[in-house]
Colleague: 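Once you've had a glance at the structure underneath, I'll fire off some questions.
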Amino acid sequence: MLEKTAFDDGSVLLSSQLPPIPAKRYFTIGEVSDLCGVRSHVLRYWEQEFSQLSPQKRRGNRRYYQHHEVVLIRKIRALLYEEGFTISGARNRLDEARGELRLRDELQAVLQILSNQ
């Protein structure tokens with residue numbers, strides 16, 4: 001018989017209820033599942049849907065997630081489960097956020113150049 005997990009009661013944890021992310025370099029899919037409140041098969045599905053999410057694969061195709069990917073998974077989870085976005089809506093929202101970050105970085109570089117003159 002399988003052990004009962006936190007996911008089996010049908011409730012969805014809020015982002016504020018998730019455990020803190022430990023200071024580690026790599027996380028297994030099981031660890032990420034526990035840290036993000038999402039089952040491992042959902043994480044594998046999200047890899048197909050979100051191009052930003054691409055964990056390293058090692059021996060036997062085992063997935064190893066880095067800290068920034070765990071943070072990204074939590075963002076995806078919040079968009080889908082808490083804010084009610086669809087997969088495509090969440091994907092678009094993440095792309096918009098990435099574009100805003102690029103624009104901010106470019107503006108900071110321009111300001112740096114102008115301040116040096």
Side-chain angles (χ1 to χ4, degrees):
M1 176 118 189
L2 295 174
E3 289 183 32
K4 185 170 180 159
T5 65
F7 313 115
D8 291 335
D9 62 5
S11 64
V12 176
L13 291 173
L14 296 176
S15 293
S16 60
Q17 297 172 317
L18 295 174
I21 302 171
K24 288 177 55 174
R25 185 170 177 125
Y26 294 104
F27 300 88
T28 64
I29 194 167
E31 291 171 326
V32 174
S33 176
D34 292 339
L35 289 171
C36 297
V38 178
R39 289 184 176 227
S40 55
H41 69 272
V42 174
L43 294 172
R44 290 189 291 272
Y45 173 70
W46 286 355
E47 286 176 33
Q48 297 171 0
E49 296 296 325
F50 297 94
S51 60
Q52 305 95 324
L53 188 58
S54 57
Q56 293 182 6
K57 291 186 182 176
R58 295 190 187 155
R59 289 177 262 127
N61 268 345
R62 292 189 179 184
R63 291 163 170 81
Y64 290 93
Y65 296 85
Q66 294 183 39
H67 187 274
H68 71 275
E69 290 168 322
V70 177
V71 172
L72 176 62
I73 290 167
R74 284 187 171 192
K75 285 180 189 173
I76 292 170
R77 182 188 180 281
L79 289 171
L80 296 174
Y81 296 167
E82 295 173 24
E83 296 182 37
F85 280 82
T86 62
I87 294 279
S88 62
R91 189 183 310 120
N92 291 340
R93 182 64 167 247
L94 290 173
D95 288 342
E96 288 172 9
R98 186 190 298 172
E100 290 170 4
L101 288 174
R102 275 194 216 118
L103 179 60
R104 187 192 71 196
D105 292 343
E106 290 173 9
L107 289 173
Q108 286 178 342
V110 169
L111 283 173
Q112 183 69 29
I113 291 168
L114 292 174
S115 67
N116 289 337
Q117 292 181 356

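What's counted below: heavy atoms across the whole structure, side chains too, no hydrogens, waters or symmetry copies.
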Colleague: Might you point out which heavy atoms bring Tyr65 and Glu47 nearest each other, and give the distance in Å?
Modeller: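 In terms of heavy atoms, the two residues are closest at OH-OE2, 2.9 Å.
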Colleague: Checking the side chain of Glu31 only, and the main-chain atoms of Thr28 only, is there a donor and an acceptor separated by less than 3.5 Å?
Modeller: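 The answer is yes, because a donor-acceptor pair under 3.5 Å joins these two groups.
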Colleague: Is the backbone N or O of Cys36 less than 3.5 Å from a side-chain atom of Arg77, with the two atoms forming a donor-acceptor pair by type?
Modeller: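 Checking the backbone N and O of Cys36 against the side chain of Arg77, a donor-acceptor pair under 3.5 Å is found.
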Colleague: Decide yes or no for Leu43 and Ser33: does some side-chain heavy atom of the first lie under 4.5 Å from some side-chain heavy atom of the second?
Modeller: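 Yes, at least one pair of side-chain atoms sits under 4.5 Å.
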Colleague: For Ile29, does its backbone N or O pair with a side-chain atom of Ser40 as donor and acceptor, under 3.5 Å?
Modeller: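 Flag not set: sc Ser40 to bb Ile29 has no pair under 3.5 Å.
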Colleague: How about Arg25: does its CZ atom have over 12 heavy atoms from other parts shown lying under 6.0 Å from it?
Modeller: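 Check fails, neighbour count at 12 or below.
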Colleague: From Arg44 CZ over to Asn61 CG, what is the distance, rounded to the nearest 0.5 angstrom?
Modeller: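 Separation between the atoms: 11.0 Å.
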Colleague: How long is the gap from NZ on Lys75 to CD on Glu83, to the nearest 0.5 Å?
Modeller: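 Result: 12.0 Å between the selected atoms.
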Colleague: Supply the atom-to-atom distance Asp34 CG to Phe27 CZ, rounded to the nearest 0.5 angstrom.
Modeller: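 It is 12.0 Å, given to the nearest 0.5 Å.
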Colleague: Consider only side-chain heavy atoms of I, L, V, M, F, W and Y, link residues closer than 4.5 Å, and tell whether Tyr64 and Trp46 are in one cluster.
Modeller: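 Each belongs to a different hydrophobic cluster.
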Colleague: Could you walk me through whether Tyr45 and Ile87 pass the side chain to side chain contact (heavy atoms under 4.5 Å, CB included) test, one step at a time?
Modeller: CA-CA 11 Å; Tyr45 173 70; Ile87 294 279; 4.1 Å; yes
Colleague: Is Gln56 close to Gln66 at the side-chain level, that is, under 4.5 Å between some pair of heavy atoms?
Modeller: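 Touching, per the 4.5 Å side-chain cut-off.
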Colleague: Does the Lys NZ or Arg CZ of Arg63 fall within the cation-pi geometry relative to Tyr26 - under 6.0 Å from the ring centre and within 45° of the axis?
Modeller: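 No, Arg63 and Tyr26 do not form such a contact.
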Colleague: Quick check on side-chain contact (heavy atoms from CB on, under 4.5 Å): which of Ile73, Ile21, Val38 does Val32 satisfy it with?
Modeller: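 One option only clears the test, and that one is Ile73.
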Colleague: Does Arg91 reach the main-chain N or O of Glu49 with its side chain, forming a donor-acceptor pair under 3.5 Å?
Modeller: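 Yes, Arg91 side chain to Glu49 backbone: donor-acceptor pair under 3.5 Å.
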Colleague: Against the six-membered ring of Phe85, is Arg93 placed for a cation-pi contact (under 6.0 Å from the centre, within 45° of the normal)?
Modeller: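 Verdict for Phe85: no cation-pi partner in Arg93.
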Colleague: Are any of the side-chain heavy atoms of Leu94 and Leu72 separated by less than 4.5 Å?
Modeller: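 Result yes, sub-4.5 Å side-chain heavy-atom pair found.
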